There are 4 protein chains.
Amino acid sequence: MSAPSARRSRPSARRERSEKARAALFEAAARVVGRHGYAGASVARITAAARMAQGSFYTYFPSRQALLDELLPKLGEEMLAHIAAAVSGAGDEIAREERRFRAFFEFLQRRPAFFRILHEAEFFAPRGFRRHIENIAADYRRALDRARARGALAHFTEAEVEPLVFLLMAARSYTSMRYAYAPGGKVRPPPEELVSAYLKLLRQGLDPPAASAES
Amino acid sequence: MSAPSARRSRPSARRERSEKARAALFEAAARVVGRHGYAGASVARITAAARMAQGSFYTYFPSRQALLDELLPKLGEEMLAHIAAAVSGAGDEIAREERRFRAFFEFLQRRPAFFRILHEAEFFAPRGFRRHIENIAADYRRALDRARARGALAHFTEAEVEPLVFLLMAARSYTSMRYAYAPGGKVRPPPEELVSAYLKLLRQGLDPPAASAES
Amino acid sequence: MSAPSARRSRPSARRERSEKARAALFEAAARVVGRHGYAGASVARITAAARMAQGSFYTYFPSRQALLDELLPKLGEEMLAHIAAAVSGAGDEIAREERRFRAFFEFLQRRPAFFRILHEAEFFAPRGFRRHIENIAADYRRALDRARARGALAHFTEAEVEPLVFLLMAARSYTSMRYAYAPGGKVRPPPEELVSAYLKLLRQGLDPPAASAES
Amino acid sequence: MSAPSARRSRPSARRERSEKARAALFEAAARVVGRHGYAGASVARITAAARMAQGSFYTYFPSRQALLDELLPKLGEEMLAHIAAAVSGAGDEIAREERRFRAFFEFLQRRPAFFRILHEAEFFAPRGFRRHIENIAADYRRALDRARARGALAHFTEAEVEPLVFLLMAARSYTSMRYAYAPGGKVRPPPEELVSAYLKLLRQGLDPPAASAES
DNA sequence: AATGAATGAGGATTCATTCAT
DNA sequence: TATGAATGAATCCTCATTCAT
């Protein structure tokens with residue numbers, strides 16, 4: 001009764017359409033979360049933004065949470081790429097960290113939705129958040145390991161590298177909440193005092209060497 | 001139109017009972033948020049935990065949000081007191097910061113609910129979160145100003161002190177998410193590597209002075 | 001164990017205090033209904049306006065509804081008095097009705113709360129509304145009966161007098177909703193066209209006598 | 001991205017079912033308001049009467065109020081149609097008004113719920129009430145303008161026509177409260193004395209021409 | 001595969017009335 | 001008698017998910 005090839009298109013074409021729809025949902029979700037937060041990212045809103053029927057959502061994702069949990073890791077990769085590009089070719093490790101720090105804020109500005117997605121994910125998309133943190137931390141870890149191979153960070157033990165990674169991540173993530181976010185979803189560049197304070201901390205610690213020598 | 005005081009029970013007795021009920025709601029809310037998060041802290045659950053009728057809630061708080069917003073600042077003061085006690089009498093500024101850092105983690109362990117209350121507040125009780133951050137930052141700020149008066153932190157400019165405050169707050173807050181939280185609401189002490197890495201960073205920065213000189 | 005006369009004041013003094021409190025609640029209720037409508041006239045608001053504890057309300061009235069039901073009849077008597085004063089000494093029955101009509105609108109302006117109390121009572125205080133209507137109608141009825149005794153309204157049968165009463169009440173009550181109410185609880189005087197149209201209707205009916213003769 | 005029409009049931013089938021559900025809610029609401037009043041017309045009751053889940057309500061109406069506000073204008077059009085049919089072909093303007101007056105009461109009897117819906121709407125569905133009043137008044141206005149074009153109502157000025165409209169509306173609306181409503185939601189026909197008194201008023205005013213001349 | 005209507009549990013809040021003090 | 005805290009039923013609305021078409 002049915003004529004298979006006539007009735008439906010080639011499997012690959014189907015696959016393609018499917019991928020497109022998934023991607024559209026992603027895009028829509030990012031926009032919606034950026035504007036309304038995870039809590040406001042109802043399936044209704046997301047599908048509306050993707051110009052799709054509400055029910056169709058469940059063809060592409062098993063649940064609302066599943067999509068939300070993929071959101072951050074996906075954008076996180078963009079962020080990593082952006083930072084990697086910024087770092088390439090910099091001088092000593094602190095110069096490289098400065099590039100990373102600034103690049104992080106640049107990325108926030110370029111992709112303002114990312115700010116909200118990143119910061120809310122911890123509670124609204126915890127699986128996604130963890131995956132993202134692991135991705136970023138692993139990347140950072142590789143960078144610091146290479147730095148150590150080059151002789152830098154010499155006074156930190158092997159076991160201290162991971163904590164160090166989180167301390168550096170802390171610096172940019174936490175301060176971005178304080179210094180980058182402006183009402184209305186706007187994202188500002190970091191004030192220079194923040195960058196310089198950070199760099200001084202990285203170069204010499206809390207106190208100048210002389211002071212530490214005397215103590 | 002008003003009656004002599006002998007005619008009805010001391011107003012103070014009522015006041016007292018009232019205070020008790022309010023306090024019970026606070027306690028209950030802290031417990032509930034600790035276990036279920038802010039999102040799960042429905043008025044129904046909170047009043048049930050306080051063994052009280054749902055409607056009674058509104059005798060003590062104008063809204064659910066109002067209570068939730070008071071939660072963190074209140075516990076934050078406890079935290080501040082705990083840290084202040086721990087710091088008193090320590091040596092140089094870095095030793096003091098070590099005490100603060102450790103005391104922060106101690107407090108998390110003593111008051112496991114605080115961990116969740118602190119970290120979720122940013123999104124579920126933003127007013128309370130901001131008040132808390134301001135309280136903590138102001139306190140920190142005073143500490144660093146005193147340190148500078150004693151000659152420490154000499155290479156930071158006046159304008160860099162506030163950023164520095166947030167960098168220090170970042171260190172403990174962000175790493176606690178990674179190192180202190182264990183599933184089931186358990187809170188662990190920080191690994192020694194975290195503390196030592198932090199202290200090295202504060203003493204000498206990323207690279208030992210010699211190394212940085214040579215690079 | 002008790003010394004009666006020392007402990008409490010004379011019964012009449014008590015009665016007096018009690019009356020005062022009741023009156024205060026009335027006043028308060030009228031104010032509150034005027035501003036917030038019956039629906040917004042919660043016991044809490046009324047007692048607050050009367051500077052009294054919520055619970056005390058039930059010493060003076062068996063229920064919220066009981067007070068609300070007394071409100072309109074009470075104010076209605078004031079209104080009757082006002083209208084009666086205005087009518088006294090006027091000429092023919094239509095001149096008298098003009099006085100009543102205008103006096104009704106004057107009263108609404110003098111007592112703006114009355115407007116709302118009157119119009120909402122039908123649904124929120126139906127017993128009070130019915131009592132009020134009966135009072136007004138009975139008064140009107142007496143006036144028309146006297147008019148008939150003077151030879152006016154000669155073409156109406158005895159049985160048509162009551163309907164007539166309601167037709168006259170209709171005119172002022174219904175048109176006040178349309179022409180007297182202004183947003184913000186303000187009450188305006190009736191436009192002259194309303195009064196003149198009404199009087200023409202009363203003097204000659206819809207069509208001038210000549211016209212009706214010709215038809 | 002959209003599918004051929006053969007693939008799923010005709011959209012019209014869905015549309016139809018949807019219309020049916022909306023209509024069912026209307027019907028249910030009219031019944032419920034008729035019996036319990038607007039205040040008792042909870043979404044729970046309405047949906048129960050329409051044999052539908054509570055949540056489904058919001059597929060068809062954005063809010064409870066939105067439905068309630070549509071109720072009266074909708075029924076009002078039915079009423080207008082009923083009255084228009086009754087009036088057609090009557091003689092002079094007063095004969096026509098008699099037809100309208102009687103038709104109004106007939107409609108109340110045919111649709112007993114309308115009585116309550118009409119009278120409570122002023123406070124519980126004010127937007128709907130205003131729309132309804134405007135509809136009715138506009139219709140009336142057209143009728144009187146036509147009458148004037150035919151030479152009737154000659155002694156009223158242009159500016160007095162609108163007030164006149166409201167005086168006529170007043171007559172039927174207000175007296176229906178008194179004469180048509182019976183406990184239990186029953187609606188009675190108007191007593192003949194009401195009709196005759198009304199007509200005498202319209203034909204000759206309060207006093208017969210002779211009497212008024214003599215006074 | 002796509003649609004969008006249907007579901008129903010769950011949540012915050014209000015308020016008349018009761019009651020212990 | 002006066003107080004004001006306590007009660008708990010009732011209400012509107014949201015939304016993830018399911019399901020018939």
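The chains referred to below are lettered A, B, ... by the order of the sequence lines, with proteins before strands, and numbering in each begins at 1. Small disclaimer: the values here were computed from a predicted structure and weren't measured.
The separation between B:E19 atom CD and F:dG4 atom P is 15 Å, rounded to whole Å. Following rounding to the nearest Å, B:F124 (CZ) and E:dG11 (P) show an atom-to-atom distance of 14 Å. Whole-Å rounding puts the A:F57 CZ to F:dC15 C1' distance at 13 Å. The distance between atom CG of C:L25 and atom C1' of F:dT1, rounded to the nearest whole Å, is 14 Å. For D:Y58 and F:dT11, the OH to P distance is 12 Å, given to the nearest whole Å. In this entry the distance linking CZ of D:R22 with C1' of E:dG4 reads 16 Å, nearest Å. Atom-to-atom, CZ of B:R17 to P of E:dT21 comes out at 7 Å; the value is rounded to the nearest Å. Distance, C:R51 CZ to F:dG4 C1': 17 Å, rounded to whole Å.
Within the shown strands, F:dT3 is the pairing partner of E:dA20 under the Watson-Crick or G-U definition, both distances less than 3.5 Å. Summarising the base pairing, E:dG10 is matched to F:dC13 through a Watson-Crick or G-U wobble pair whose two defining distances lie under 3.5 Å.
Between A:F124 and A:Y38, the angle of the ring planes stays under 30°, which puts this pair in the parallel group of the 30/60° scheme. Ring geometry, A:F123 versus B:F123: the interplanar angle falls from 30° to 60°, so the pair is classed tilted.
Closest non-hydrogen pair, B:V43 versus B:Y58, comes out as CG2-OH, 3.7 Å. Residue B:L67 comes nearest to B:L25 through the heavy atom pair CD2-O, 4.3 Å, listed as atom of the first residue, atom of the second, then distance.
At a threshold of 4.0 angstrom between heavy atoms, the contacts of B:F61 with the nucleic acid are absent. Using a 4.0 Å heavy-atom distance criterion, A:S56 is classed as a base contact.
Mapping D:Y60 and C:A41 onto DNA chain E by nearest heavy atom places D:Y60 closer to the 5' end of the strand. In terms of position along DNA chain F, the nucleotide closest to C:A53 lies nearer the 5' end than the nucleotide closest to the other residue of the pair A:S42 and C:A53. Mapping A:A39 and B:M52 onto DNA chain F by nearest heavy atom places B:M52 at the nucleotide closer to the 5' end.
Nearest to the side chain of A:T59, among F:dA16, F:dT17, E:dA2, sits E:dA2. Set against F:dT11, E:dA16, E:dT13, the side chain of C:R64 has E:dA16 as its closest nucleotide. Side chain of C:S63, nearest nucleotide from E:dT17, E:dA6, F:dT17: E:dT17.
The base of F:dC13 sits within donor-acceptor range of the side chain of D:Q54, with an N or O pair under 3.5 Å.
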Would you please test B:E70 and B:K74 for salt bridge (Lys or Arg N to Asp or Glu O under 4.0 Å) and show each step?
CA-CA 6 Å; B:E70 286 195 41; B:K74 186 150 191 153; 5.7 Å; no

